[in-house]
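Notes follow once the structure below has been shown.
Heavy-atom basis, side chains included; hydrogens, waters and symmetry copies ignored. Note that the numbering runs from 1 along the sequence shown for the chain.
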Amino acid sequence: NINFSGTLTPYDKDSSKGNEYYVNRFLLQSGTLARLINFHTGIVFSFNGNPSQKKQPVSGFATELADIQNRPYNYIDFNIPWNLHVNYNIDYNAKNKYIISPTFRSFTQSLSLNGDFNITSNWKLAASMQVNPLNVQIQYVTVDLYRDLHCWDMRLQVIPIGDRRGFNFTIQAKSALLQQLKLTRR
């Protein structure tokens, strides 16, 4: 998948008082159609193994199905033996940052790798890592261990490096109707 998004403004800026302020005047009056405020490009590669068994049609309450669609990262598919996702993002931001400087511009890149594989039919190991490609510095790493307990899910997440270093252990009911029924330790 390749995604592009951006924001343009048709309004002019006034920087006569030291900071830039948008004014009620169109750029078209000075011969320019619009100014680029920000731009995002994302490239995602996804690879996965063949499902170990045919998927049954999903059934359940409408609230459960909506929860799965809205938050797919909360649900683990043990039928797919392995997944690998590579995500590369480039962001350019030329918004007016009053506090930093009147001509603030930022250009950032990020590379994230996410993957998982089934250890057994009820155990799955997942890992995620984000790297800054400009200086090849690891920004964060997470390792997750999942266990399917039939009507319950168990998850142990370990964050071994960085400012958010620690762990989360959660046992929760699978049903979206009972999603508040859970035990979490940090």
Side-chain angles (χ1 to χ4, degrees), residues 1-51 55 58 62-77 79-80 82-117 124 126-144 146 155 157 159-165 168 176 179:
N1 293 327
I2 299 175
N3 300 309
F4 298 101
S5 64
T7 306
L8 299 170
T9 182
Y11 292 102
D12 202 357
K13 288 183 178 180
D14 180 14
S15 59
S16 61
K17 295 178 182 158
N19 286 329
E20 291 182 333
Y21 298 96
Y22 286 105
V23 292
N24 192 13
R25 181 177 59 236
F26 290 111
L27 285 167
L28 196 55
Q29 294 172 345
S30 62
T32 306
L33 184 61
R35 175 184 291 119
L36 180 67
I37 293 178
N38 60 44
F39 182 77
H40 168 81
T41 302
I43 302 170
V44 180
F45 298 98
S46 296
F47 309 96
N48 56 32
N50 293 329
K55 272 195 162 188
V58 177
T63 55
E64 291 176 320
L65 297 175
D67 189 55
I68 291 170
Q69 287 180 335
N70 292 334
R71 296 184 295 166
Y73 49 83
N74 283 346
Y75 299 92
I76 304 302
D77 189 353
N79 292 322
I80 300 176
W82 60 272
N83 287 302
L84 176 63
H85 304 283
V86 180
N87 189 353
Y88 179 67
N89 292 305
I90 298 173
D91 292 296
Y92 171 75
N93 189 348
K95 281 187 179 179
N96 185 11
K97 301 291 185 185
Y98 299 114
I99 298 171
I100 298 171
S101 80
T103 58
F104 178 78
R105 307 262 190 283
S106 73
F107 176 76
T108 58
Q109 298 180 52
S110 66
L111 174 67
S112 61
L113 305 167
N114 305 305
D116 62 62
F117 68 93
K124 186 174 278 264
S128 175
M129 176 174 66
Q130 185 165 344
V131 177
N132 182 342
L134 295 176
N135 59 7
V136 192
Q137 180 181 9
I138 295 175
Q139 295 175 328
Y140 76 87
V141 173
T142 62
V143 179
D144 298 290
Y146 299 97
R155 177 182 181 182
Q157 180 182 58
I159 305 168
I161 61 172
D163 295 337
R164 300 180 344 198
R165 183 177 28 224
N168 295 314
Q179 70 186 43

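With rounding to the nearest 0.5 Å, the separation of CG in Asn93 from NE2 in His40 is 12.5 Å. Once rounded to the nearest 0.5 Å, the distance linking CG of Asn83 with CG of Asn114 reads 10.0 Å. Gln139 CD to Asn132 CG: the interatomic distance, rounded to the nearest 0.5 Å, is 5.0 Å. Between the CD1 atom of Ile80 and the CZ atom of Phe117 there is a distance of 15.5 Å, given to the nearest 0.5 Å. Rounded to the nearest 0.5 angstrom, Leu113 CG and Met129 CE are separated by 4.5 Å. The OG1 atom of Thr41 sits 3.5 Å away from atom CZ of Phe39, with the distance rounded to the nearest 0.5 Å.
Residues Ile90 and Tyr92 fail the side-chain proximity criterion, which asks for heavy atoms closer than 4.5 Å. When side chains are defined from C-beta on, Phe45 does not count as touching Tyr88, because their heavy atoms never get closer than 4.5 Å. Asn87 has its side chain out of reach of Ile43: every pair of non-hydrogen atoms, C-beta onward, lies at least 4.5 Å apart.
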**Item:** side-chain contact (heavy atoms from CB on, under 4.5 Å) assessment of Asp12 paired with Gln29
**Value:** CA-CA 9 Å; Asp12 202 357; Gln29 294 172 345; over 6 Å; no
**Asked** Run the side-chain contact (heavy atoms from CB on, under 4.5 Å) check on Asp144 and Lys124 step by step: do they pass?
**Response** CA-CA 8 Å; Asp144 298 290; Lys124 186 174 278 264; over 6 Å; no
**Test log, rule side-chain contact (heavy atoms from CB on, under 4.5 Å), inputs Tyr146 and Asp116** = CA-CA 10 Å; Tyr146 299 97; Asp116 62 62; 5.9 Å; no
**Request:** Let me see the working for Asn24 and Tyr11 under side-chain contact (heavy atoms from CB on, under 4.5 Å), right down to the final yes or no.
**Result:** CA-CA 7 Å; Asn24 192 13; Tyr11 292 102; 4.1 Å; yes
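Across all their heavy atoms, Gln109 and Pro133 have their closest contact at O-CD, 3.6 Å. Across every non-hydrogen atom of Ile159 and Thr142, the tightest pair is CG1-CG2, 3.8 Å. For Pro160 against Val141, the heavy-atom pair with the smallest separation is CD-O, 3.3 Å.
The 12-atom threshold is exceeded at CD1 of Ile161, counting heavy atoms of other residues, nucleotides or ligands nearer than 6.0 Å. Other residues, nucleotides and ligands place no more than 12 heavy atoms under 6.0 Å from the CG atom of Leu33.
Side-chain contact annotation: Thr7 with Asn38, donor-acceptor N/O pair under 3.5 Å present.
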